[in-house]
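A, B, ... follow the sequence lines: proteins, then strands. Residue 1 opens every chain. Quick note: numbers below take in every heavy atom, side chains included, and nothing from hydrogens, waters or symmetry partners.
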2 protein chains.
Amino acid sequence: MYDLLLANIAKYITLTQEETDYLISLLHTKKIKRKRYLQQEGDTTRHTSFVISGILRMYSVDKNGFEHIIQFATPGWWIGDFQSFLQQKPGNLFIDAIDDSEIIQLSKTDLDNLFIKVPKFERFFRILAENAVAAYQQRFVNSLSLSARERYQNFAELYPSLVQCLSQKFIASYIGVTPEFLSKMLNQQMQ
Amino acid sequence: MYDLLLANIAKYITLTQEETDYLISLLHTKKIKRKRYLQQEGDTTRHTSFVISGILRMYSVDKNGFEHIIQFATPGWWIGDFQSFLQQKPGNLFIDAIDDSEIIQLSKTDLDNLFIKVPKFERFFRILAENAVAAYQQRFVNSLSLSARERYQNFAELYPSLVQCLSQKFIASYIGVTPEFLSKMLNQQMQ
DNA sequence: CGGAACAATTAATGTAGATTAATTTTTTTT
DNA sequence: AAAAAAAATTAATCTACATTAATTGTTCCG
């Protein structure tokens with residue numbers, strides 16, 4: 001159940017049995033059915049979530065009702081509205097399950113206590129956050145400087161398995177074009 | 001000299017005199033004249049930098065030679081190509097000084113040692129990285145879901161002092177439009 | 001102080017990708 | 001397996017913003 005998470009943690013820090021047990025005592029698992037929300041605009045993010053099965057998406061909805069996917073999360077990934085979680089204020093993002101999924105949750109309160117009781121976790125979450133910054137920096141640069149076609153190619157290279165399993169609609173939303181345009185683009189490419 | 005940085009650190013962790021002295025022994029200051037590069041594409045980022053005076057910009061240059069400003073950094077801000085710094089590999093970003101500036105630098109090696117000798121710093125840099133993730137998430141959402149005019153308004157609200165002191169060229173590059181279009185937009189707005 | 005480099009403005013023209021809408025294909029539900 | 005819902009395709013039209021180019025205004029430096 002917690003193997004994937006523990007393996008993930010073990011890459012960066014080494015825990016004693018006691019520390020592992022304490023961590024596990026703070027965790028809760030949660031199942032989310034396809035199309036069900038983990039979080040909606042206006043909710044305050046009380047937990048950070050680690051995906052163990054399925055796939056979720058985080059997205060914003062603009063004032064014209066269009067969705068912009070910021071991130072997909074497959075097993076082994078963390079997902080959450082960082083701003084809302086850190087400041088414990090209502091956020092403006094949505095998260096829902098694309099397929100039936102299962103996640104492990106850790107509440108903000110428990111995480112804060114964990115940092116105090118087992119300071120080693122500061123290191124783990126520092127590295128996690130640093131990697132997230134690097135990833136966002138890169139994604140942002142790509143969205144600024146690549147054309148729609150290049151953004152698609154880049155996505156396909158980076159996440160070949162996602163290209164297989166996601167509908168075009170979601171990929172279009174992630175790379176920032178309409179489904180109609182993506183369809184046209186892909187069919188032109190073949191000729 | 002190091003006051004601004006120490007005050008910044010003191011917001012999140014408390015250091016003994018000894019720890020402060022040790023930190024200071026690892027720091028170097030550097031002056032960067034207007035238009036001089038702190039870093040160019042292909043360089044590996046060996047240091048993380050904290051601005052104490054002046055203003056710098058970090059940007060990417062796309063294959064058509066256009067610059068896209070990712071971040072400005074004024075006193076009190078950290079700046080650096082995270083991906084290159086973390087992986088110690090050549091990066092693809094540029095950083096240069098918009099005005100004569102002064103920064104404090106800390107090398108990757110010294111930072112890694114600092115984490116081992118004074119684990120408290122794990123917490124400080126964790127919080128820093130978390131805040132950076134939240135900021136990037138928000139900037140990214142804005143770039144996806146707002147029009148050029150809204151992005152300008154948002155920038156002007158967030159950084160009123162920068163709107164004053166930066167040339168339109170730089171603001172245009174930050175919000176992701178051409179200088180010509182920004183000029184037109186601003187003059188239309190007044191009518 | 002004068003001229004060279006740089007920044008801003010204006011306007012005509014061009015285009016990547018959006019919008020709308022109708023049709024077909026695929027998936028889901030019962 | 002049929003009906004309903006969702007996804008993909010195609011094509012015509014539209015638009016926010018880019019491009020190009022010429023003009024003016026500003027800053028900086030010898």
Can we say A:Arg126 and A:Glu130 salt-bridge, meaning some charged N sits less than 4.0 Å from an Asp/Glu carboxylate O?
yes
A:Phe181 side chain: which of D:dT10, C:dA11, C:dG17 is closest?
C:dG17
Please work out which of the three classes, parallel, tilted or perpendicular, describes the rings of A:Phe121 and A:Phe124, given edges at 30° and 60°.
perpendicular
So if I take every side-chain heavy atom of B:Asn187 and compare against C:dT9, C:dA8, D:dA8, which nucleotide ends up nearest?
C:dT9
When we call it a touch if two heavy atoms are under 4.0 Å apart, what does A:Thr178 touch: a base, just sugar-phosphate, or nothing?
base
Result for 5'-nearest mapping on DNA chain C, choosing between A:Arg151 and A:Glu180, is A:Arg151
Separation of B:Leu146 atom CG from D:dA16 atom C1', in whole Å?
15 Å
Which one of A:Thr45, A:Asp43, A:Thr44 satisfies the side-chain hydrogen bond (donor to acceptor under 3.5 Å, both in side chains) criterion with A:Ser84?
A:Thr45
Starting the side chain at C-beta, find the nucleotide from D:dT9, D:dC17, D:dA7 nearest to A:Lys169.
D:dA7
Pair A:Arg57 + A:Glu67: basic N to acidic O under 4.0 Å
yes
Which part of the nucleic acid, if any, lies within contact of A:Phe66, taking any heavy atom under 4.0 Å across all strands shown: a base, the sugar-phosphate backbone alone, or nothing?
sugar-phosphate
Whole angstrom is fine here: how far is it from CG in A:Leu166 over to P in D:dA6?
18 Å
Qualifying residue for ring-ring contact (aromatic ring centres under 6.0 Å, His included) with A:Phe125, from A:Phe50, A:Trp78, A:Tyr12
A:Trp78
Mind calculating the distance between CZ (A:Phe170) and C1' (D:dA6) to the nearest angstrom?
11 Å
Would you kindly give the CD-to-P distance between B:Gln168 and D:dT26, to the nearest whole Å?
12 Å
Please report, rounded to the nearest Å, how far the C1' atom of D:dA7 is from the CG atom of A:Leu182.
12 Å
Phosphate OP1/OP2 of D:dA8 contacted by A:Ser183 side-chain N/O (<4.0 Å):
no
Specify the separation, in whole Å, of atom CD of A:Gln188 and atom P of D:dT10.
10 Å
Any strand is fair game: report the nucleotide pairing with C:dT30 by Watson-Crick or G-U wobble, both distances under 3.5 Å, or none.
D:dA1
Among C:dA18, C:dT10, C:dT28, which nucleotide sits nearest the side chain of A:Arg34?
C:dT28
How long is the line joining NZ of B:Lys184 and P of C:dA11, in whole Å?
10 Å
Using atom CG of B:Asn64 as one end and atom C1' of D:dT19 as the other, report the distance to the nearest whole Å.
12 Å
